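What you are looking at is a predicted structure, and each value in this text was computed from that prediction instead of being measured. Below, chain A is the first sequence line, B the second, and so on; all start at residue 1.
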Amino acid sequence: MPEKFLKPYDSTVTEARIYAEWEKSGLFNPDECVKQGVTKADVPTYSIVLPPPNVTGRLHMGHSLMLAIEDVFVRYKRMRGFRTLWIPGTDHAAIATQSVVEKQIKKHEGKNRHDLGREELLKRIEKFAAESHDTIVSQLKTMGASLDWSREAFTLDAERSRAVNTVFKKMYDAGLIYRGHRIVNWDPKGQTTISDDEVVYEERAAKLYTFRYSKDFPIPVATTRPETKVGDVAVAVHPDDTRYKKFVGKEYDAVFCDVPIHIKIIADKEVDPSFGTGAVGVTPAHSQTDWDISDRHGLSHEVIIINEYARMTVDGRLKDKKTTEARDMVVEWLKSEDLLEKDENVTQNIATAERTGGIIEPLPKLQWFIDVNKKFDERGKTLKELMLEPVRSGAIKIIPEHFDKTYFHWIENLRDWCISRQIWYGHRIPVWYSGDEIIVGEAPTGVDWIQDEDSLDTWFSSGLWTFSTLGWPHFAETAMRGKPGSENDFANFHPTDLLETGYDIFFFWVARMILMTEFTLSTIPFRNVYLHGLVRDAQGRKMSKSLGNNLDPLDITAKFGADAARMALVVGNTPGTDMRISEDKVRGYKHFANKLWNIARFVLSQKHAGEIKENLKTEFDALSMDITNDIEEFRIYMAAEKLYHYLWHRFADEIIEESKGRTEYSATLYYILENSLKLLHPFMPFVTEEIWRSLPTKDSEFLMVAKWPAQHAVE
RNA sequence: GGGCACUUAGCUCAGUUGGUAGAGCAUCUCGUUUACACCGAGAGGGUCGCAGGUUCGAGUCCUGCAGUGCCCACCA
């Protein structure tokens, strides 16, 4: 028995060494596995593309959870003999990264992006992104993730940019990408538009004011934003509202807080007669609903009264005032003119920007959109329909299943996707203008062409991730299935087998991947979607900087080992459900790693001889099959728990105890140990690999490519 | 307003197709028997939210109710 077993298991000296040996072996690369003869060349493939972490800093426990789950499937499939590929990568995360760097620069140098200029800011961001990238990569390795580093990708590198431009052009040519002037979600803080999905609503206390535009105006109107009323062009009432019927069609002039306005009274069935006074002041340029109403009645959208900095643009006392100040001033004015009828306290859902927290100002702007309702190619389907079909048919399976209902519901409510952003970091929109001419896709030659200033929503490139990482479009035509080499990845590994991510980015990302892949390739991006929940603290609170309740994955792995962290994250953690984690929980699995260590110590102290006991072998093989089925059916939370329970309370507490002083057990003990290490390897790769080293006989040098002990029931 | 889920032992949660309730942690008692005190042996503890229904039989299926959480829409 090796001397190392005389001391308790020490993850700190073992894990880094083992990972380095795995990396050196090249076995994370499926081509290398074939070359070394541990995987057959003609077997089915299994592939996962890592959800790329944002290059905004360091990883959190949610990332650790993602890695633990994905590595379980990847290691399991590799041991089962599949040509298994797990591709690493990072995400430039346009808005998120730029705003982090801008904040830093503001703090340390007091400068904003315009002080630096596009080129200099990009340089700074790239430097920051590179540093984040290195931190992230080392964290991924610390967790034991068996990623093929030779294929690492970045959403903003040359290959991925080529994919982005190619898809953009294809969508433009199909008439799905268009430029339109309409109300968008403008974030005055981030100085950019954002998509509907990036808007989060916060409940806040507000006041609902009831007022009249002037003394002789016949209808009182209720609003929570009095300052926007200088931009009103109409008052809408319900067509059947008997109180107001007689005024419909009449027009009035007034001077509202120094601003001359012209109001037409119109009837529209969208107005709820029971809310407020049953009359809506219509501000076409600063509200989506009002824009739509004014469209239906042929009213102008031209009256713009708020700018990109959320300041008033009208003449008079409100000029250049922030909207919040202007609100108070308008209320004061209404009071002094005796036009305010009442104010009530109400709670209001206020739209804010997910990244910056800025309050969204709806503004009319010329932006790029993806049309989700237009029938486009020979299939005669809309993007919405293309998104629905694979989930409805079962071609894509979502785990847990009930999320498909949420998915359908989300698609029903989906509107055109605004994809242009007024930030500098990211994929610049591949459109060039010269006079009235426009070129899309690739940069034209000649000096007269000016590229669009905007960049693309970061989710545009993330949406291509399953195939942009596999050599599309460069090798898509020539890739050959069954042939090794990354130039054949697209044929070998797409569609991918599993997409594993948090349910919180289900819409942002998973839905967009289905959209992009169905459009571009007429196929699915992945066969299965496994959604994990949020990692919360011991009290069930979200982990956050402000609460100071973050667990740092690096601290946790340093203290208890990556194996322990992985088990703590996986055991009993059902998909789609939030989980709680605490140091105590992780400590429990550190103890388990040590228990396993001591099991090995005991078994290895026995002479390997004699026959394997049939009843114990039968019992173990049944467990082995059970674990295998659990993993196949995505119940890794159960598989992990069963292994824990068997090894500790059956193997150690009963079988080993029984065997003491009885030499005829030793072959059985070796049999169980060897195969338990295999079953446990996907969950606790380090300690199992380290014990494997010391087995007297084994079927493979590395446990990570040893033969899985049970075949799946369906085979 | 629309949708989705959850409610099982003190706490955190499992319970795959219906067959007389499980785990981890915590608690209590005992044990220092050389693989392991990062240990072992044992114990207590649940009318499975409430009310109906289907069934020979329901935590598991159906209906209703209550509470909790999340997502989407956003009403001026």
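- For an aromatic pair to be called close, the ring centres must be under 6.0 Å apart, and Phe651(A) with Phe620(A) fails this.
- The separation of A21(B) from U16(B), taken at their P atoms, amounts to 14 Å, rounded to a whole angstrom.
- At a threshold of 4.0 angstrom between heavy atoms, the contacts of Asn413(A) are confined to the sugar-phosphate backbone, with no base atom among them.
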Could you go over nucleotides 5-8 of chain B and give all protein N or O partners under 3.5 Å, atom names and distances?
unit_1	atom_1	unit_2	atom_2	d
A5(B)	OP1	Lys405(A)	NZ	3.4

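- Taking only distance into account, the side chain of Asp584(A) never meets the base of C25(B) through a donor-acceptor pair shorter than 3.5 Å.
- Tyr637(A) has a side-chain polar atom (N or O) that falls below the 4.0 Å cut-off from OP1 or OP2 of G15(B).
- Using a cutoff of 4.0 Å between basic side-chain nitrogens and carboxylate oxygens, Arg580(A) and Asp537(A) are not scored as salt-bridged.
- Taking the six-membered ring for Trp and thresholds of 30 and 60 degrees, Trp291(A) and His301(A) have nearly parallel ring planes, at less than 30 degrees apart.
- For Met638(A) and Val199(A), each mapped to the nucleotide of RNA chain B holding its nearest heavy atom, the one lying further toward the 5' end belongs to Met638(A).
- As judged by a 4.0 angstrom heavy-atom cut-off over every strand, Thr289(A) is placed among residues touching the sugar-phosphate backbone only.
- Here the two rings, on Phe506(A) and Trp410(A), have centers that are 6.0 Å apart or farther.
- Residue pairs satisfying the ring-ring contact (aromatic ring centres under 6.0 Å, His included) criterion with at least one member in residues 578-601 of chain A, sequence neighbours excluded, are listed as follows: Phe5(A)-Trp597(A), Tyr9(A)-Trp597(A), Tyr589(A)-Tyr644(A), Phe592(A)-Tyr644(A).
- Nearer to the 5' terminus of RNA chain B, by closest-nucleotide assignment, is the contact made by Met579(A) (compared with the other of Met579(A) and Ser287(A)).
- Backbone-only contact: Phe507(A) has heavy atoms under 4.0 Å from sugar-phosphate atoms and none from a base.
- In this model, the phosphate group of C74(B) is approached by a side-chain N or O of Arg415(A) to a distance below 4.0 Å at OP1 or OP2.
- Taking atom P on both C11(B) and C71(B), the two are 26 Å apart, rounded to the nearest angstrom.
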Atom pairs, N/O to N/O, protein against nucleotides 29-33 of chain B, distance under 3.5 Å?
none

Legend entry - Under the 3.5 Å Watson-Crick or G-U criterion, the dot-bracket string of RNA chain B, with | for inter-strand pairs: (((((((..((((.....[..)))).(((((.......))))).....(((((..]....))))))))))))....
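- Salt bridge Glu361(A)/Arg225(A): present, at least one basic N to carboxylate O contact under 4.0 Å.
- Using atom P as the reference point in both C4(B) and G18(B), the two lie 23 Å apart (nearest Å).
- Taking 4.0 angstrom as the limit, His649(A) places none of its side-chain polar atoms (N or O) nearer than this to OP1 or OP2 of A23(B).
- Within the 4.0 Å cut-off from OP1 or OP2 of U12(B), at least one side-chain nitrogen or oxygen of Arg580(A) is found.
- Heavy atoms of Val282(A) sit nowhere under 4.0 angstrom from any nucleic acid atom.
- Donor-acceptor pairing under 3.5 Å is lacking for the side chains of Glu690(A) and Thr14(A).
- Within residues 217-239 of chain A, the residues approached by RNA chain B to less than 4.0 Å at the level of any non-hydrogen atom are Ala222(A), Thr223(A), Thr224(A), in residue-number order.
- Between the CG atom of Leu531(A) and the P atom of C70(B) there is a distance of 18 Å, rounded to whole Å.
- Between Phe508(A) and Trp459(A), the ring planes are parallel. Angles under 30° get that label, and only those over 60° would be called perpendicular.
- Using a cut-off of 4.0 Å between Lys/Arg side-chain N and Asp/Glu carboxylate O, Asp232(A) and Lys264(A) are scored as not salt-bridged.
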Under 3.5 Å, which N/O atoms of the protein pair with N/O atoms of nucleotides 35-37 of chain B?
unit_1	atom_1	unit_2	atom_2	d
A35(B)	OP1	Lys660(A)	NZ	3.4
A35(B)	O2'	Asn598(A)	OD1	2.9
A35(B)	O2'	Arg601(A)	NE	3.4
A35(B)	N7	Lys660(A)	NZ	3.3
A35(B)	N6	Ala652(A)	O	3.2
A35(B)	N6	Glu657(A)	OE2	3.2
A35(B)	N3	Asn598(A)	O	3.0
C36(B)	O4'	Asn598(A)	OD1	2.9
C36(B)	O4'	Asn598(A)	ND2	3.4
C36(B)	O2'	Asn598(A)	ND2	3.4
C36(B)	O2	Lys595(A)	NZ	2.8
C36(B)	N3	Lys595(A)	NZ	2.8

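- Look at Thr574(A) and you'll find a side-chain N or O under 4.0 angstrom from OP1 or OP2 of A14(B).
- Between the side chain of Lys384(A) and the backbone N or O of Leu414(A) there is at least one donor-acceptor pair closer than 3.5 Å.
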